[in-house]
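See below for the structure under consideration.
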Amino acid sequence: MYFLTIKARKESDSQYAIVLGGVMKKEDEKYEAFFTLIDKKKPRAKYGASEIKITSGDKETLQDQIKQLAEVFPPVKKDVNILDLTAFSGGGKHE
């Protein structure tokens, strides 16, 4: 069921890190990836998190964009599994 696993890095120059992600198929037949980012320098409970959404008509293009985004904002302590929710979001069969 996993779409992609983003490997954690112990060291990164980025102030932000991915902690959650997923992919859905929208009603207009486009794919949408969503990510939650945290600020590593501030406590999460006080400052919250940010969300990034990417929309594409092609799942392979979306996969490449996710990999590039993971290079910019890598997870820090543990790997992040990007869930493929297309089978549950109107995408029909699981691809």
Side-chain angles (χ1 to χ4, degrees):
M1 183 166 162
Y2 293 120
F3 177 72
L4 181 67
T5 299
I6 301 175
K7 296 291 185 183
R9 293 188 198 170
K10 294 188 182 206
E11 296 294 325
S12 171
D13 295 338
S14 174
Q15 180 178 345
Y16 303 95
I18 294 174
V19 292
L20 177 68
V23 176
M24 300 184 313
K25 191 166 187 179
K26 298 174 71 175
E27 292 178 10
D28 61 357
E29 298 299 314
K30 290 188 177 182
Y31 293 94
E32 180 178 82
F34 59 90
F35 300 96
T36 301
L37 301 177
I38 60 163
D39 187 337
K40 297 187 295 187
K41 297 182 180 180
K42 298 179 182 176
R44 221 182 324 177
K46 186 175 180 182
Y47 295 99
S50 299
E51 189 174 282
I52 294 176
K53 291 185 179 182
I54 303 170
T55 304
S56 177
D58 181 43
K59 194 171 182 179
E60 291 178 16
T61 302
L62 190 67
Q63 196 171 18
D64 291 339
Q65 293 169 341
I66 290 170
K67 289 177 184 177
Q68 291 177 6
L69 187 67
E71 291 176 14
V72 177
F73 304 116
V76 183
K77 295 183 179 180
K78 60 181 181 177
D79 296 349
V80 174
N81 293 311
I82 306 301
L83 295 177
D84 185 356
L85 304 171
T86 56
F88 304 106
S89 61
K93 292 182 181 177
H94 183 70
E95 298 174 8

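Worth knowing before you read on, the calculation uses all heavy atoms, side chains too, and leaves out hydrogens, waters and symmetry mates.
- The one candidate from Lys25, Glu32, Lys30 that meets the side-chain contact (heavy atoms from CB on, under 4.5 Å) condition with Asp28 is Lys30.
- Interatomic distance, Ile38 CD1 to Leu20 CG, rounded to the nearest 0.5 Å: 11.0 Å.
- Annotation: the span from Phe34 atom CZ to Thr55 atom OG1 amounts to 12.0 Å, rounded to 0.5 Å.
- Shown here for Ala49 and Leu37, the closest heavy-atom pair between the two residues is CB-O, 3.2 Å.
- Contacts classified as salt bridge (Lys or Arg N to Asp or Glu O under 4.0 Å) and involving residues 68-82 (residues at least two apart or in different chains) are given here: Lys7-Asp79.
- Residue pairs meeting the side-chain hydrogen bond (donor to acceptor under 3.5 Å, both in side chains) criterion with at least one partner in residues 8-22, sequence neighbours excluded, are Gln15-Asp39.
- Not counting sequence neighbours, the partners of Thr61 by the side chain to side chain donor-acceptor pair (under 3.5 Å) test are Asp58.
- A 4.5 Å side-chain heavy-atom check between Phe73 and Ile52 finds at least one atom pair inside the cut-off.
- For Glu60, the CD atom is loosely surrounded, since the number of other residues' heavy atoms within 6.0 Å does not exceed 12.
- Going from atom CG of Leu85 over to atom OH of Tyr31 covers 12.5 Å, rounded to the nearest 0.5 Å.
- Scanning all heavy atoms of the two residues, the minimum distance from Met24 to Thr86 falls at C-CG2, 4.0 Å.
- Residues Ile54 and Leu69 approach most closely at CD1-CD2, 4.2 Å, considering heavy atoms.
- Counting all heavy atoms, side chain and backbone alike, Val80 lies closest to Ile18 at CG2-O, 3.5 Å.
- Val76 and Ala17 get closest at one heavy-atom pair: CG2-CB, 3.8 Å.
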